[in-house]
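Below: the structure, in C-alpha coordinates.
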Amino acid sequence: MSRPRSTPASPITTPPSTATAPVADAAAVQDFIAAGEILGSACFGCGPDVPHGLHIQRTGRDGTTAFAEFTVIPEHQGAPGLAHGGLLATAMDEILGTSAWLLGRRYVTGRLETDYLAPVPVGSLVHLRSWCKGVDGRKAYLEAEGRLGGPDGRVAVRAAALFIEVPLEHFTAKGTP
Ligand SMILES: CCCCCCCCCC(=O)SCCNC(=O)CCNC(=O)[C@H](O)C(C)(C)COP(=O)(O)OP(=O)(O)OC[C@H]1O[C@@H](n2cnc3c(N)ncnc32)[C@H](O)[C@@H]1OP(=O)(O)O
(Lines give C-alpha, C1' and ligand atoms only; values in the text may rest on other atoms or scores of the structure.)
Protein backbone atom coordinates (compact mmCIF):
# COMPACT_ATOMS: atom_id res chain seq x y z
CA MET A 1 0.00 0.00 0.00
CA SER A 2 1.49 3.36 -0.91
CA ARG A 3 1.31 6.13 1.65
CA PRO A 4 1.38 9.88 1.24
CA ARG A 5 4.88 11.31 1.80
CA SER A 6 3.52 13.92 4.19
CA THR A 7 3.19 11.49 7.10
CA PRO A 8 4.84 8.23 8.11
CA ALA A 9 1.79 7.17 10.13
CA SER A 10 -0.02 3.89 9.49
CA PRO A 11 -3.61 3.39 10.69
CA ILE A 12 -2.19 2.02 13.98
CA THR A 13 -0.31 5.25 14.72
CA THR A 14 -3.02 7.59 13.44
CA PRO A 15 -5.27 8.99 16.18
CA PRO A 16 -8.88 7.82 15.92
CA SER A 17 -11.77 10.27 15.80
CA THR A 18 -12.31 9.69 19.54
CA ALA A 19 -8.84 11.04 20.43
CA THR A 20 -8.60 14.31 22.30
CA ALA A 21 -6.04 17.07 21.88
CA PRO A 22 -2.95 16.65 24.07
CA VAL A 23 -2.45 18.96 27.01
CA ALA A 24 0.94 19.60 28.59
CA ASP A 25 1.00 18.73 32.29
CA ALA A 26 2.21 21.58 34.49
CA ALA A 27 4.36 19.38 36.76
CA ALA A 28 5.94 17.55 33.83
CA VAL A 29 6.75 20.86 32.17
CA GLN A 30 8.37 22.01 35.42
CA ASP A 31 10.54 18.86 35.46
CA PHE A 32 11.30 18.92 31.76
CA ILE A 33 14.92 20.05 31.67
CA ALA A 34 15.70 18.02 34.82
CA ALA A 35 14.06 14.91 33.38
CA GLY A 36 17.41 13.29 32.63
CA GLU A 37 18.46 13.65 36.25
CA ILE A 38 15.12 12.29 37.44
CA LEU A 39 15.39 9.26 35.16
CA GLY A 40 19.05 8.60 35.91
CA SER A 41 22.21 8.71 33.83
CA ALA A 42 22.15 5.23 32.26
CA CYS A 43 19.67 5.88 29.44
CA PHE A 44 21.21 4.99 26.07
CA GLY A 45 19.39 7.95 24.51
CA CYS A 46 20.22 10.72 26.96
CA GLY A 47 22.35 9.32 29.77
CA PRO A 48 25.69 11.12 30.21
CA ASP A 49 27.30 7.97 31.67
CA VAL A 50 26.80 5.78 28.59
CA PRO A 51 30.15 5.89 26.74
CA HIS A 52 28.87 5.65 23.17
CA GLY A 53 25.25 6.58 23.83
CA LEU A 54 23.43 9.27 21.91
CA HIS A 55 23.84 11.88 24.67
CA ILE A 56 20.70 13.60 23.43
CA GLN A 57 20.32 17.07 24.88
CA ARG A 58 16.77 18.31 25.43
CA THR A 59 16.77 21.95 24.35
CA GLY A 60 13.22 23.16 24.82
CA ARG A 61 9.52 22.61 24.52
CA ASP A 62 6.34 24.27 23.31
CA GLY A 63 3.13 22.70 24.58
CA THR A 64 3.70 18.97 24.13
CA THR A 65 6.26 19.54 21.38
CA ALA A 66 9.78 18.67 22.53
CA PHE A 67 13.07 19.76 20.96
CA ALA A 68 16.50 18.15 21.31
CA GLU A 69 19.73 17.49 19.44
CA PHE A 70 22.62 15.07 19.28
CA THR A 71 25.80 14.52 17.27
CA VAL A 72 26.43 11.33 15.30
CA ILE A 73 29.81 9.97 16.38
CA PRO A 74 31.88 7.25 14.64
CA GLU A 75 30.55 4.61 17.06
CA HIS A 76 27.04 5.30 15.67
CA GLN A 77 28.05 4.30 12.16
CA GLY A 78 26.29 1.66 10.08
CA ALA A 79 27.17 1.85 6.37
CA PRO A 80 30.55 3.54 5.81
CA GLY A 81 30.43 7.14 6.92
CA LEU A 82 26.71 7.08 7.72
CA ALA A 83 24.60 6.76 10.86
CA HIS A 84 23.10 3.32 11.50
CA GLY A 85 19.35 3.25 10.82
CA GLY A 86 18.59 1.54 14.12
CA LEU A 87 20.52 4.26 15.88
CA LEU A 88 18.34 6.89 14.23
CA ALA A 89 15.21 4.96 15.25
CA THR A 90 16.55 5.07 18.80
CA ALA A 91 16.86 8.84 18.56
CA MET A 92 13.27 8.99 17.34
CA ASP A 93 12.17 6.82 20.28
CA GLU A 94 13.92 9.12 22.73
CA ILE A 95 12.40 12.35 21.43
CA LEU A 96 8.96 10.71 21.14
CA GLY A 97 9.28 9.59 24.76
CA THR A 98 10.22 13.12 25.70
CA SER A 99 7.05 14.50 24.14
CA ALA A 100 5.04 11.77 25.91
CA TRP A 101 6.71 12.83 29.18
CA LEU A 102 5.11 16.26 28.77
CA LEU A 103 1.68 14.61 29.04
CA GLY A 104 2.46 13.97 32.71
CA ARG A 105 1.82 10.20 32.69
CA ARG A 106 4.08 7.15 32.31
CA TYR A 107 4.23 5.84 28.76
CA VAL A 108 6.20 3.18 26.90
CA THR A 109 6.61 2.71 23.18
CA GLY A 110 4.09 0.23 21.79
CA ARG A 111 4.78 0.75 18.12
CA LEU A 112 7.43 2.79 16.30
CA GLU A 113 7.32 3.45 12.55
CA THR A 114 10.35 5.14 10.95
CA ASP A 115 10.94 6.64 7.51
CA TYR A 116 14.49 7.35 6.32
CA LEU A 117 14.49 10.19 3.81
CA ALA A 118 18.17 11.14 3.53
CA PRO A 119 21.51 9.68 4.68
CA VAL A 120 22.88 11.11 7.93
CA PRO A 121 26.69 11.42 7.80
CA VAL A 122 28.86 10.71 10.82
CA GLY A 123 29.61 14.08 12.42
CA SER A 124 26.11 15.44 11.77
CA LEU A 125 24.30 17.48 14.38
CA VAL A 126 20.74 16.10 14.24
CA HIS A 127 17.93 18.38 15.33
CA LEU A 128 15.05 16.42 16.85
CA ARG A 129 11.45 17.44 17.32
CA SER A 130 8.42 15.48 18.48
CA TRP A 131 4.80 16.33 19.10
CA CYS A 132 1.66 14.56 20.28
CA LYS A 133 -1.24 14.40 17.85
CA GLY A 134 -3.86 13.04 20.23
CA VAL A 135 -4.66 10.95 23.28
CA ASP A 136 -7.28 8.21 23.49
CA GLY A 137 -7.52 6.42 26.84
CA ARG A 138 -4.14 4.78 27.51
CA LYS A 139 -2.94 5.49 23.98
CA ALA A 140 -0.93 8.52 22.90
CA TYR A 141 -0.28 9.15 19.20
CA LEU A 142 2.97 10.95 18.43
CA GLU A 143 5.17 11.97 15.54
CA ALA A 144 8.81 13.02 15.34
CA GLU A 145 11.45 14.15 12.90
CA GLY A 146 15.20 14.62 12.69
CA ARG A 147 16.59 17.48 10.60
CA LEU A 148 20.05 18.30 9.27
CA GLY A 149 21.56 21.72 8.73
CA GLY A 150 19.59 23.44 11.49
CA PRO A 151 16.32 23.12 13.39
CA ASP A 152 14.43 24.00 10.20
CA GLY A 153 16.78 22.17 7.83
CA ARG A 154 15.82 19.23 5.65
CA VAL A 155 14.10 16.24 7.22
CA ALA A 156 16.37 13.18 7.16
CA VAL A 157 14.32 10.86 9.36
CA ARG A 158 10.81 10.90 10.71
CA ALA A 159 8.62 8.65 12.77
CA ALA A 160 5.11 7.97 13.97
CA ALA A 161 4.42 6.08 17.15
CA LEU A 162 1.83 4.68 19.48
CA PHE A 163 2.75 5.01 23.15
CA ILE A 164 0.83 3.13 25.84
CA GLU A 165 0.31 4.43 29.38
CA VAL A 166 1.57 2.04 32.06
CA PRO A 167 1.47 1.95 35.87
CA LEU A 168 4.62 2.66 37.90
CA GLU A 169 4.93 -1.08 38.58
CA HIS A 170 5.83 -1.53 34.91
CA PHE A 171 9.26 -0.16 35.81
CA THR A 172 9.65 -1.48 39.34
CA ALA A 173 8.42 -5.06 38.93
CA LYS A 174 11.29 -7.44 38.23
CA GLY A 175 10.57 -9.77 35.35
CA THR A 176 12.56 -12.81 34.23
CA PRO A 177 15.48 -11.62 32.08
C1 LIG B 1 11.95 12.89 29.36
C2 LIG B 1 11.68 11.41 29.25
C3 LIG B 1 12.45 10.74 28.14
C4 LIG B 1 12.18 9.30 28.06
C5 LIG B 1 12.68 8.77 26.79
C6 LIG B 1 12.56 7.29 26.75
C7 LIG B 1 12.12 6.86 25.41
C8 LIG B 1 12.19 5.37 25.29
C9 LIG B 1 10.82 4.76 25.38
C10 LIG B 1 10.97 3.29 25.27
O11 LIG B 1 11.79 2.81 24.54
S12 LIG B 1 9.91 2.29 26.21
C13 LIG B 1 10.67 0.68 25.96
C14 LIG B 1 10.13 -0.03 24.75
N15 LIG B 1 8.79 -0.45 24.95
C16 LIG B 1 8.47 -1.50 25.75
O17 LIG B 1 9.34 -2.11 26.36
C18 LIG B 1 7.03 -1.89 25.84
C19 LIG B 1 6.88 -3.40 25.85
N20 LIG B 1 5.45 -3.76 25.77
C21 LIG B 1 4.68 -3.82 26.88
O22 LIG B 1 5.15 -3.65 28.01
C23 LIG B 1 3.22 -4.05 26.68
O24 LIG B 1 3.00 -4.70 25.46
C25 LIG B 1 2.40 -2.74 26.73
C26 LIG B 1 2.56 -2.06 28.11
C27 LIG B 1 2.80 -1.75 25.62
C28 LIG B 1 0.92 -3.06 26.52
O29 LIG B 1 0.56 -4.12 27.38
P30 LIG B 1 -0.72 -4.03 28.32
O31 LIG B 1 -1.01 -5.44 28.78
O32 LIG B 1 -0.53 -2.99 29.37
O33 LIG B 1 -1.88 -3.50 27.40
P34 LIG B 1 -2.64 -4.25 26.22
O35 LIG B 1 -1.80 -5.27 25.53
O36 LIG B 1 -4.00 -4.63 26.72
O37 LIG B 1 -2.80 -3.03 25.20
C38 LIG B 1 -3.55 -1.86 25.55
C39 LIG B 1 -4.07 -1.28 24.25
O40 LIG B 1 -2.94 -0.86 23.47
C41 LIG B 1 -2.91 -1.54 22.23
N42 LIG B 1 -1.52 -1.89 21.91
C43 LIG B 1 -0.57 -2.28 22.78
N44 LIG B 1 0.59 -2.51 22.12
C45 LIG B 1 0.34 -2.24 20.82
C46 LIG B 1 1.12 -2.30 19.65
N47 LIG B 1 2.41 -2.66 19.67
N48 LIG B 1 0.54 -1.98 18.48
C49 LIG B 1 -0.76 -1.60 18.44
N50 LIG B 1 -1.56 -1.52 19.53
C51 LIG B 1 -1.02 -1.85 20.69
C52 LIG B 1 -3.73 -2.81 22.47
O53 LIG B 1 -4.24 -3.30 21.24
C54 LIG B 1 -4.81 -2.29 23.38
O55 LIG B 1 -5.76 -1.58 22.62
P56 LIG B 1 -7.32 -1.61 23.01
O57 LIG B 1 -7.41 -1.01 24.39
O58 LIG B 1 -7.97 -0.77 21.96
O59 LIG B 1 -7.73 -3.06 22.99
Side-chain angles (χ1 to χ4, degrees), residues 1 3 7-20 22-50 52-70 76 83-115 126-146 157-177:
M1 185 184 84
R3 292 193 240 148
T7 173
S10 76
I12 294 173
T13 56
T14 299
S17 58
T18 49
T20 57
V23 178
D25 176 79
V29 166
Q30 192 72 27
D31 288 340
F32 178 66
I33 294 298
E37 293 161 33
I38 293 168
L39 294 169
S41 58
C43 173
F44 185 80
C46 66
D49 293 347
V50 182
H52 296 145
L54 301 186
H55 297 165
I56 287 172
Q57 302 276 331
R58 284 177 271 274
T59 54
R61 49 155 290 277
D62 180 8
T64 60
T65 300
F67 302 90
E69 58 190 33
F70 79 104
H76 299 160
H84 196 292
L87 188 291
L88 296 172
T90 302
M92 292 289 99
D93 197 20
E94 179 76 17
I95 191 66
L96 288 157
T98 303
S99 179
W101 166 283
L102 290 167
L103 297 170
R105 297 164 186 249
R106 290 172 291 269
Y107 287 96
V108 292
T109 323
R111 183 178 175 89
L112 173 62
E113 299 163 359
T114 308
D115 282 348
V126 184
H127 300 268
L128 305 171
R129 182 183 311 195
S130 178
W131 57 96
C132 182
K133 296 185 73 178
V135 177
D136 190 36
R138 292 176 60 201
K139 301 177 184 176
Y141 297 83
L142 300 115
E143 291 191 0
E145 61 190 20
V157 57
R158 62 186 181 180
L162 172 65
F163 273 59
I164 309 292
E165 185 184 347
V166 294
L168 182 61
E169 296 71 44
H170 180 92
F171 304 103
T172 55
K174 299 285 186 239
T176 305

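Order of appearance sets the numbers: ligands from 1, and atoms from 1 within every ligand.
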Please name the pair of heavy atoms, one in [X] and one in [Y], separated by the smallest distance, quoted to 0.1 Å.
| X | Y | result |
| --- | --- | --- |
| A91 | I56 | CA-CD1, 4.0 Å |
| G104 | D25 | CA-CB, 3.5 Å |
| K133 | P15 | CB-CG, 3.9 Å |
| T98 | A66 | CG2-CB, 3.7 Å |
| T64 | A24 | CG2-N, 3.6 Å |

When you measure from [atom] to every protein heavy atom, which one gives the shortest distance, and what is it?
| atom | result |
| --- | --- |
| atom 46 (C) of ligand 1 | G110 O, 3.8 Å |
| atom 26 (C) of ligand 1 | V166 CG1, 3.5 Å |
| atom 36 (O) of ligand 1 | R138 NH1, 4.3 Å |
| atom 2 (C) of ligand 1 | L39 CD1, 3.5 Å |
| atom 9 (C) of ligand 1 | T109 OG1, 3.3 Å |
| atom 7 (C) of ligand 1 | D93 O, 3.4 Å |
| atom 59 (O) of ligand 1 | K139 NZ, 4.8 Å |
| atom 22 (O) of ligand 1 | H170 CE1, 3.0 Å |

Would you say [atom] has a protein heavy atom nearer than 4.0 Å?
| atom | answer |
| --- | --- |
| atom 15 (N) of ligand 1 | yes |
| atom 24 (O) of ligand 1 | no |
| atom 19 (C) of ligand 1 | no |
| atom 52 (C) of ligand 1 | no |
| atom 40 (O) of ligand 1 | yes |
| atom 5 (C) of ligand 1 | yes |
| atom 32 (O) of ligand 1 | yes |

A side-chain contact here means heavy atoms from C-beta on lying under 4.5 Å apart; do F67 and D62 qualify? yes
Is there side-chain contact between L102 and V29, with at least one heavy-atom pair below 4.5 Å? yes
[X] neighbourhood, listing ligand 1 atoms whose heavy-atom distance to it stays under 4.0 Å:
| X | value |
| --- | --- |
| I12 | 49 (C) |
| R58 | 1 (C), 3 (C) |
| E94 | 5 (C), 6 (C), 7 (C) |

To the nearest 0.5 Å, how far apart are CZ in F163 and CG in L112?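 So the gap between those two atoms works out to 7.5 Å.
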Within this structure, what is the CG-CE distance for the pair L142 and M92, rounded to the nearest 0.5 Å? 12.0 Å
Using 4.0 Å as the upper bound for N to carboxylate O, is an ion pair formed by R58 and E94?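 Yes, E94 and R58 are salt-bridged.
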Atom CD of residue position Q57 - does it have more than 12 heavy atoms of other residues, nucleotides or ligands inside 6.0 Å? no
Using heavy atoms and a threshold below 4.0 Å, how should the contact between L162 and ligand 1 be classified: side chain, backbone, both, or neither? side chain
Check I164 against ligand 1 and report side chain, backbone, both or neither, counting heavy atoms closer than 4.0 Å.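 It is the side chain that gets close, since no backbone atom is under 4.0 Å.
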Under the rule for side chain to side chain donor-acceptor pair (under 3.5 Å), what residues qualify as partners of T18, not counting sequence neighbours?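 With neighbours one apart ignored, the set is D136.
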Nearest to atom 3 (C) of ligand 1 by heavy atom, V108, T98, L96, D31: which?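 Of the listed residues, T98 has the closest heavy atom.
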Please tabulate, for the side chains in residues 38-49, all donor-acceptor contacts under 3.5 angstrom to protein atoms that are two or more places apart in sequence or on a different chain.
from	atom 1	to	atom 2	distance (Å)
S41	OG	D49	OD2	2.5

